[in-house]
Amino acid sequence: MTIKRTLSRVALALPAIALLIAPASAHRRWLLPSATVLSGDHEVVSVDAAIANGLFYFDHHAMPLDDLVITGPDGKAVQPKIIGSGKYRSVFDVPLDTQGTYRIALASNGVFGSYMLNGERKRWRGSAEAAKTGIPAGATEVQLTPVASRVETFVTLGAPSTTALKPTGKGIEMVPVSHPNDLVAGEAAKMRFLIDGKPAPGLDVEFVQGGTRYRDKEAMQHITTDADGIATLNAAAPGMYYLETSNGGGREAPKGGTRMSYAAVLEFLPG
Amino acid sequence: MRFTLCLVGTSIAASPALAGDLAVKVDIPQLRVAEYHRPYVALWIEDAKGNTVANLANWYQIRRGREDGTKWLPDLRTWWRHSGRSLKLPVDGVSGPTRAPGSHVLRFTEGSRALPKLAPGNYTLMVEAAREVGGRELVSIPFRWGAAGSRSASGSSELGTVTLQIKP
C-alpha cells in the first residue's frame, strides 16, 4: 500500500512516469484528433494529447509526446509538427499527404522500477537495454517491471486502408476487424485484441462515450473478448468513444510479467 | 396547388421519352439563416444489396487554385462512406457546382456516363444534402427499374420534395 501511494505521488509529479504506470489510476490517456474522416489530396489533422479524467476534457496533465509514432498508409513513419505542451494538453499536427489510413500512437516498451543506492531509493525508467548500463553497479534491491503501453487513434484521408494497422507483436494491440474509420453508431464494431501478437481471450475492455461532463452516469460498458480475442463494441449514439484495457485486470501487473496497457479513441458517426 | 403540380409534371415530362430514361427533380429549400451556404448534394442509385450502381450527380464547391471545396465532402456522410471516398474527384459528367435554392431537374439516359445500364429489378434513389454551418438530410425513394412510374418523397430540413420519374 505504501509503495502504491508512493507510486501515485510520483505519477502526479512526473507525467512522463504516469505514462508508464498501468491505467489502474483514474486518469485516462488519450489522443483526440480534430477529425477522423477526411477528404482531398492534402489535409492536416490536429491532435490533442492529454492525461485526464474527463472524456474528452483536458483537466489533469499534458501528455508527454516522447513516444509518439505515426504510421502512414504506406507503412512509413510520418513526421508530426509538434505545437507544444501547455499545462493540460499537448498539441501536434499530422500532415496527411497520402490517401489511406494513419495510425497515431504513443507506444512505449521498457522497464520501470527502483533501486537502493547509498541508502537512498532511486526511481528508474527507460528501455531494458539502457537499464543494463544505466543502473549503477553498487545498486541493491533492484526491482524493475517491464511495461508495454500503447495509446492510439486512427484517421483516414479518402478511402480506408489497412497497411498502417498491422500489429507490431508487442504488448496489447487492437487489430480492427471493423475498420476504425468506418464505424457507424448502431452498427456493431468488432476489434481483435492481441497480447504479444497472439489473440487475447478474456480481456476486460472498458468502452465509454465522450461527453462525461454533461451526464451523471459514467455509462461505461465492460466487454470481455471472446475465444478469438474479439470484442464487440456497440455504440448506440454517434460520438467519440474511449476504449481501454490492460492485463492483470487493470490493477496489478502479473507476477514477473510485463505490465501492459492499451487505450484508443474511436469515432462513431451518425448512420 | 393543382397548377403547381401540373407544372412540376410538365417540367419532368418535357424530356424526350427515350428508352431507359430517368428524371429526378430536387427541391432545395430557401432557408432563413444568418449564414447561408448552398448545400453540397449527392444523388446516387443503390441496388437491393445497398451497393452503389450509379453516381448520378454530386454538387460541391469546385474551385481551382483556391481553398479546395472537397474538404467538406465527408459531410455527405452516407454518400462518402458508400462511394464518395473511393472516387477520384471531380468525376466528369457527375461532379458540378453547388446550386441555389429552387427546383432542379436532372435527366439521365441509360448507358450514359452517370447512369450505366441497369438490370431490371429493385433499386433505391438516394439524395443527400449537407450544408456548411447547417444540417444534413438523406431522402430515399425505392423504385423498380423496368416499369414506368413516378414517385416522390420529401425532406424536412435540408431537402424539399424529391420526385423520380422513370420511362423504360
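A note on names: the letters A, B, ... follow the listed sequences, proteins ahead of strands, and every chain is numbered from 1.
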**Q.** chain B-proximal positions within residues 77-85 of chain A [heavy-atom distance under 4.5 Å]
**A.** none
Q: Could you please state which residues from residues 175-186 of chain A sit under 4.5 angstrom from chain B, measuring non-hydrogen atom to non-hydrogen atom, sorted by number, or 'none'?
A: A:Asn181, A:Asp182, A:Val184
Q: Look up atom OG in A:Ser39 and atom CZ in B:Arg85, then write down how far apart they are to the nearest 0.5 Å.
A: 12.5 Å
Q | Spacing of A:Gln99 atom CD and B:Lys88 atom NZ [to the nearest 0.5 Å] | A | 7.0 Å
Q) Taking the side chain as C-beta and beyond, is there a heavy-atom pair between B:Arg77 and A:Pro270 under 4.5 Å? A)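 Touching, per the 4.5 Å side-chain cut-off.
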Heavy-atom closest contact ([X] atom, [Y] atom, distance):
{"X": "B:Arg136", "Y": "A:Gly271", "answer": "NH2-O, 3.0 Å"}
{"X": "A:Gly40", "Y": "B:Thr70", "answer": "CA-OG1, 3.6 Å"}
{"X": "B:Trp80", "Y": "A:Leu38", "answer": "CZ2-O, 3.6 Å"}

Q: Give a yes or no on this: more than 12 heavy atoms of other residues, nucleotides or ligands lie within 6.0 Å of atom CD of A:Glu218.
A: yes
